[in-house]
Each structure stands twice: as C-alpha cells, then as structure tokens.
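In what follows, a single structure is set out as structure tokens and then discussed.
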Amino acid sequence: MDASSADANRAALSARIKEEARRLGFELVGISAVKPAPHEQSFAQWLREGFAGELDYMKRTEPLRRDPHTLVPWAVSIISVGMNYYTSFSRPEPSGEAKGWISRYAWGDDYHELMKRKLELLLARLRQVHDGPLEGRAFVDSGPVLERDFAGVAGLGWIGKNTHLISPKKGSWFFLGELFLNLPLAYDRPLRDRCGKCDLCLKACPTGAFVGPYLLDARRCISYLTIELKGWMPRHLRPLVGNHVFGCDICQEVCPYNVKAEATDEAAYRPRPGLHAPELIPLLSLDEAEFRRRFRGSPVGRAKRRGFLRNVAVALGNSKSAEALPALIDALNDEEALVRGHAAWALGQIGSQSALEALQGRLQIEGDAEVRSEIEEAIRTVSESAENRSPG
C-alpha cells in the first residue's frame, strides 16, 4: 500500500471512530499521537512546589503521567473524548435555610464506570470494522493520564486559566476519557488558547487557590479540601469554604464560555433527589449504613462518611444558623474524631449558651487531643463573642 492510500485509510477509520464515539454519547472527540504530555515539565514543577498537597498518588505515578509510553508501551494513538454532564439547575438564592452545595458532576451517578463501558464498547465496534488485530485500553479520570493535556492536543479545547479544559463552543462541563490504540490514525490539531485577558475565574475563587493564571494550589482549592483532603481542614480556610460540602464549581460558573452551556442528554448525570442544594441539618445525622445507602453509586461516596460530615459541619458553622445547634451538639458525640472536632468548630462559629455548655461538657470526657484542641478553641471563640456583645 502506498503512502497516499495509507493516509486515506487512516482518515477514513478516524472519521468512523468519531462517528461511533458521538453515537455513544461523547459530544467531544479528537485523536492525537502517543507522545509525552505537552505540559509534563510544568506538571513536574507543580509537584515539586508542593501544590498537589496530599495527592500522593500523583507523585507515585509521575513518570506514567508525564510519558504515556511508560504506561501503555504498545500504544500509537490516543482517542480523547468528552461527555457533557451539565444540568440547568442553578445555585439557590441566599435564604434563611441552611443549604449546601454539591458540585454538579456529583449530582448523578458515578461517571467512571459509565464512560469506561462506553469506551470499551467503542473499542469493540472498532474491532468489527478494522481489518487486523487491534489492541486498546480505556482510561477515565482514575488512570495515571494527564487527560487535559492529551484532550488539548486532540483539539477538544484548550486548558484555561482555571486549569479546566474549555471547548470554544461547548464550555467546560465535561468528563474526559481516553482510549489508547496500537494503530496509527489521522491526528487532529490543537486549538489556540482563547482565554485572552479574562481573569474572572481567578478573581472568583473564594479561597484564592490560583497562584496565577493556569496555576492552581490544590491545597487551597475547595474541591481538594472537601474531597481529596482526608484529615483536618485548615482552620483559616474553613470560613472561606462557605456552604460547599463536596466540590465547588465557582471557577466554571463564571467562565464566559459556559454561558450557553446545554443540558446533558445522559439521564445518569441528572440530579438524584436531594443532591441539588441539599438541606444540611439532616445530613449531619447520617450513620454509616445510611450514608452508604444514600450515596451508593454516587461520586459523593468518595469523601467517605467522616469526610462528608466534616464538610457538612463546616458549612453549618458558616451558615450561622441557630437551627443547626441541636444537630451539631449531637455530633459532638459522633464516633469519628474528625466529625466531633469540626462540629465543635461550627458551634464556636454559631455561639449561644447552649453551644458553650455542650462544648464544656464534651471537653470533660473527650480523649482525642486534636478534638480537645478544637473544643478549647471553640470555647474561646464563644466566650470572646459573648464578651464583645456585653455592654460597657
């Protein structure tokens, strides 16, 4: 086969791949060659600077992420896909109700298995139409792949100042996945950066997580603090987290390219009951069995009960809602130290005599040093607040 015929065959197969991918529900699809990630040096520097926080899995898999040849040695091409998860439910207006915010991507079913099944189905269809042996491997988010880099090379969009991949026509509400193949294809061209002078995302971040354009300090990111961080949330950041209990979305909500975002056709990503702007107080009483039942098959389960209730306690503290006092006082007796400690902090933020008495009572029996520290700090906060309100 001469070179022109080979190119024509690659182009035809590549077009077929894109057609099949769109039939499977992938709105974005592009193809690139297997090469080291374009920003692999920047990624290495990001790790060295400590911006990954406790994301140790990124450090462990650094070589695999920087060069996919070390991950999939036989691969020649990468099919990058994007699947829309946007639904047109907006943030509720501020009110007296203690309501939280869960990131849009976690309102429905967990996307990992859904997208991986679709990518494996795409591979099966390609084997039907390709003449010859075909090897492939699918990754969806959880694999050691710098997916935004390869999606950018494949022309799905560009990596914006908020570090999300942005499509000029469809915005950034997309899950990304990759299918590595062992055959050459027709490759797409990357798109130029179109953020321009816009810095709305950088200014909107409540915790100041952006060190600069295109550079995120994960340790200050609300999504990291409420999902990835497994231990104690830094006290100085808790007031800035607001009512977020799992993820954030703010830097995407303010992006001009998301103004005309269209709702997903995938029913699995539509909100489960109670996950859009959930009432916070009932969540604080979830036991382990109820938490598992409620969030089975949901991304929220990733935070585990202890992490999720930690977040709920912080959000209730930020709400300053007196109605939350009974639930927070009950949470001082939770089996998890992490929950007890953050409930103590929340009681300190809300204050009241009943909060003070509950904190003092718990301090008498609390055996965990970190929780005792939180209780003592909360007692000081309540006492100082009472002194400031006293006349004279």
Side-chain angles (χ1 to χ4, degrees), residues 27-28 30 32 36-53 55 58 62 65-66 80-86 90-91 101 103-106 141 145-178 188-229 237 240-242 244 246-262:
E27 288 90 344
L28 302 177
S32 62
H39 298 100
E40 53 102 5
Q41 293 285 352
S42 299
F43 173 67
Q45 181 64 27
W46 183 76
L47 291 176
R48 285 195 294 270
E49 294 284 348
F51 291 142
L55 300 175
M58 285 199 171
E62 178 186 349
R65 293 174 185 274
R66 294 177 63 180
S80 292
V81 297
M83 194 171 188
N84 178 22
Y85 65 84
Y86 180 78
S90 60
R91 288 180 186 260
W101 185 258
S103 180
R104 291 177 184 276
Y105 89 85
D141 192 25
V145 179
L146 293 181
E147 55 188 6
R148 284 169 292 181
D149 261 26
F150 296 118
V153 173
L156 272 64
W158 71 93
I159 299 176
K161 292 178 181 178
N162 62 4
T163 72
H164 287 275
L165 186 88
I166 303 174
S167 163
K169 294 182 179 179
K170 295 182 179 291
S172 63
W173 303 107
F174 285 91
F175 298 127
L176 297 176
E178 301 79 39
D188 294 292
R189 295 180 179 179
L191 301 180
R192 64 177 179 82
D193 186 318
R194 302 186 188 182
C195 284
K197 296 181 179 179
C198 179
D199 61 357
L200 291 175
C201 57
L202 309 183
K203 292 178 178 177
C205 179
T207 56
F210 292 105
V211 179
Y214 314 101
L215 186 57
L216 176 74
D217 184 347
R219 297 168 298 183
R220 297 185 65 89
C221 176
I222 291 175
S223 287
Y224 171 86
L225 293 170
T226 57
I227 303 173
E228 303 293 350
L229 183 66
L237 292 178
L240 305 179
V241 169
H244 295 92
F246 190 89
C248 182
D249 288 347
I250 290 175
C251 67
Q252 294 195 82
E253 289 173 346
V254 300
C255 179
Y257 286 99
N258 282 327
V259 170
K260 296 182 180 180
E262 296 181 358

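Small disclaimer: the values here were computed from a predicted structure and weren't measured.
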Between OG of Ser32 and CG of Asp188, what distance do you get to the nearest 0.5 Å?
8.5 Å

Working to the nearest 0.5 Å, report the span between CH2 of Trp101 and OG of Ser103.
8.5 Å

CG-SG distance between Leu216 and Cys251, expressed to the nearest 0.5 angstrom
8.0 Å

Here the pair of heavy atoms bringing Pro206 nearest to Ile250 is CG-CD1, 3.5 Å

Which atom pairs, one a donor and one an acceptor, fall under 3.5 Å between side chains of residues 207-215 and the rest of the protein, sequence neighbours left out?
unit_1 : atom_1 : unit_2 : atom_2 : d
Thr207 : OG1    : Arg220 : O      : 2.4
Tyr214 : OH     : Asp193 : OD2    : 2.6

Is Tyr86 reaching over with its side chain to a backbone N or O of Asn258, donor-acceptor style, under 3.5 angstrom?
no

Pairs flagged by side-chain hydrogen bond (donor to acceptor under 3.5 Å, both in side chains) wherever residues 147-164 is involved - sequence neighbours left out
His39-Asp149

Glu49 versus Gln45, side-chain donor and acceptor atoms under 3.5 Å
yes

Atom OH in Tyr105, atom CD in Gln252: separation rounded to 0.5 Å?
11.0 Å

Heavy-atom closest pair, residues Ile166 and Cys195
CD1-SG, 4.4 Å

Please confirm whether the backbone N or O of Phe175 pairs with a side-chain atom of Asp141, one donor and one acceptor, at under 3.5 Å?
no

Over all atoms of both residues, closest heavy-atom pair of Glu178 and Val145
OE1-CG1, 3.8 Å

CD-CH2 distance between Glu262 and Trp173, expressed to the nearest 0.5 angstrom
15.0 Å

To the nearest 0.5 Å, tell me how far Arg91 CZ sits from Asp249 CG.
6.0 Å

So, for Ile222 and His244, which heavy atoms are closest and what is the spacing to 0.1 Å?
CG2-CB, 3.6 Å

Give a yes or no answer on whether the side chain of Thr226 reaches the backbone of Gly247 with a donor-acceptor pair at less than 3.5 Å.
yes

Least distance between heavy atoms, Ala44 atom then Arg66 atom:
CB-NH1, 3.5 Å

A side-chain contact here means heavy atoms from C-beta on lying under 4.5 Å apart; do Lys170 and Asn84 qualify?
no

Answer whether the closest heavy-atom distance between the side chains of Glu27 and Lys169 falls below 4.5 Å.
no

For residues Gly152 and Leu165, report the shortest heavy-atom separation together with the two atoms involved.
N-CD1, 3.9 Å

Taken in chain and number order and not counting sequence neighbours, the residues that satisfy ring pair (Phe, Tyr, Trp, His ring centres under 6.0 Å) with Tyr224 are none

